[in-house]
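Remember, predicted model here, so these are calculated numbers, not experimental data. Residue numbers begin at 1 in each chain, while the letters A, B, ... track the order of the sequences.
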Number of protein chains: 2
Amino acid sequence: MGIKERKERHREDFKAKILQAAKKLFVTEGYEATSIRKIAAEIEFSPTTIYLYYKDKTDIAYALHQEGFGLLRERFSTLAYVDDPFERLKAMGRGYIQFAVDHPDFYELMFIMKEPMQYLQAHHPEEEWPEGERVFDALMQTVDGCKARGYFSSMNTEEMAMLSWSMVHGLCSLHITSHFKHIAEKCSGIELVKQDTLLVNVFSAYLQLLERLK
Amino acid sequence: MGIKERKERHREDFKAKILQAAKKLFVTEGYEATSIRKIAAEIEFSPTTIYLYYKDKTDIAYALHQEGFGLLRERFSTLAYVDDPFERLKAMGRGYIQFAVDHPDFYELMFIMKEPMQYLQAHHPEEEWPEGERVFDALMQTVDGCKARGYFSSMNTEEMAMLSWSMVHGLCSLHITSHFKHIAEKCSGIELVKQDTLLVNVFSAYLQLLERLK
DNA sequence: AAAATTACTTAACACTGTTAATAAATAAAA
DNA sequence: TTTTATTTATTAACAGTGTTAAGTAATTTT
């Protein structure tokens with residue numbers, strides 16, 4: 001009964017093909033401009049065909065969201081080999097920021113937009129966002145490691161992890177939505193510093209804070 | 001020549017009327033569901049009439065965005081009377097968080113969505129977001145006050161202000177996009193704590209961090 | 001009263017996500 | 001091998017979106 005398997009394989013291929021087209025449009029033109037019809041045109045199929053493979057548009061959004069987490073995990077995977085937990089925490093933060101700068105559209109889909117997370121809540125309420133949990137677990141372990149070495153002792157591990165995540169996410173988020181751009185230009189006493197280094201600078205200030213607590 | 005003034009006044013009234021209808025829909029049904037046609041139906045005018053008073057939809061979005069900043073400034077205004085700068089900083093953070101919890105839709109429009117800021121950049125590139133600058137200035141002054149009392153000395157004021165803003169924004173943002181909800185439920189060792197207190201708890205952890213640096 | 005300006009509406013364009021009904025291609029059963 | 005059944009893809013359509021051009025009604029000005 002290899003026929004069913006072949007069909008299933010073909011189906012997966014087709015799903016991948018759709019996703020590839022969606023990703024192309026998404027990266028070049030953004031999420032809003034990525035319409036079902038455009039994806040269909042890209043793969044030279046009728047728009048309704050897409051609905052035979054993906055439930056709706058948010059389903060595609062969630063698939064791209066997962067793709068984005070693949071990219072992020074790729075960046076983080078090598079950091080597992082950094083022994084010193086505080087060094088790892090620093091590197092994670094910088095890696096996270098760099099990811100947001102390199103892939104702002106993916107970052108938006110993964111952490112700023114509501115749609116994919118709502119899709120998750122509506123259609124897979126049981127598995128509870130495994131990609132996010134994995135990354136957050138890694139962060140918690142790193143925080144625990146830091147605590148073991150005397151950093152921010154007497155602090156709750158989970159709260160500390162959330163604090164760090166919120167910190168870098170706040171930075172990346174305000175950067176992407178161009179909120180920083182507006183306050184950095186005029187309000188700032190220091191001259192217009194390059195946006196990317198601005199993020200890293202503020203993050204360094206945060207690290208400085210943490211380091212003093214040792 | 002009171003006629004022209006009367007007309008101008010009427011025009012402003014009409015703009016306010018449109019905005020009121022938009023706000024009503026926006027608060028009850030969210031931004032996406034707030035269409036020009038629905039706003040028009042609400043005020044019992046033709047959809048195209050709205051374009052005689054607002055350039056386009058992002059123009060309305062920006063007007064609501066400003067309205068939101070009015071609400072936030074209202075909350076912050078009383079805090080100016082708090083003498084101790086560190087107490088003020090704490091209160092500002094908690095006020096900011098409470099605002100996000102009370103008005104998630106406004107918060108989204110003000111700090112999460114790209115549309116209003118992009119509108120600003122496109123149509124008023126010279127005035128550079130006065131509402132935001134004012135709030136950020138207040139934050140910087142408070143940070144400066146803290147420094148004068150020995151808190152986080154040797155830290156750059158602007159970076160410290162951005163750090164604090166990013167911190168609370170990260171918290172509120174991840175809360176609103178329901179990212180926290182997903183990691184708090186399963187991944188968390190501690191039992192499902194009420195989301196609102198979670199935000200305040202993490203913020204408190206941040207304050208604890210700052211306090212230790214005195 | 002006639003002309004000009006202003007205020008508003010109707011109709012339409014070019015899109016969007018999504019579904020029901022239908023045709024074409026393939027597989028299973030006779 | 002021919003007929004039936006199933007899968008796969010399509011066309012047409014619904015109900016909506018932001019937005020603009022053209023036309024109408026009301027008001028002011030001449």
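Taking CD1 of I39(B) as the reference point, atom CZ of F26(B) lies at 11.0 Å (rounded to 0.5 Å).
For K90(B) and E87(B), the salt-bridge test passes: some basic side-chain N is under 4.0 Å from an acidic carboxylate O. Here E108(B) pairs with K114(A) in a salt bridge; the nearest charged N to carboxylate O distance falls below 4.0 Å.
In this structure, the CG atom of D59(A) is 14 Å from the P atom of dG17(C), given to the nearest Å. Between E32(B) atom CD and dT16(C) atom C1' there is a gap of 12 Å when expressed in whole angstrom units. Across the protein-nucleic acid pair, I50(A) atom CD1 and dT18(C) atom C1' stand 12 Å apart, rounded to whole Å. To the nearest angstrom, P of dA13(D) lies 18 Å from OH of Y51(A). Atom CD1 in I39(B) sits roughly 8 Å away from atom P in dG18(D) (whole-Å rounding). What separates CG of L52(B) from P of dC8(C) is a distance of 7 Å, to the nearest Å. Between I36(A) atom CD1 and dC15(C) atom C1' the separation is 14 Å, expressed in whole Å. Rounded to an integer number of Å, the gap from NZ of K38(A) to C1' of dC15(C) is 9 Å.
Between F111(A) and Y96(A), the ring-plane angle classifies as tilted under the 30° and 60° cut-offs. Ring orientation note: the planes of H169(B) and Y107(B) are close to parallel, at an angle under 30° on the 30°/60° scale.
Backbone-only contact: Y53(A) has heavy atoms under 4.0 Å from sugar-phosphate atoms and none from a base.
Taking 3.5 Å as the limit, the base of dG18(D) and the side chain of R37(B) contain a donor-acceptor pair of atoms between them.
Listed nucleotides dT11(D), dG18(D), dT18(C) differ in distance to S35(B); the shortest reach to its side chain belongs to dG18(D). With distances taken from any side-chain atom of F45(B) to the nucleotides dT11(D), dC8(C), dG18(D), the minimum falls on dC8(C). Nearest nucleotide to the T48(A) side chain, out of dT20(D), dT8(D), dA12(D): dA12(D).
Contact annotation: T49(A) side-chain N/O to dT10(D) OP1/OP2 distance is under 4.0 Å.
Taking for each of F14(A) and P47(B) the nucleotide of DNA chain D with the nearest heavy atom, the 5'-most of the two is the partner of F14(A).
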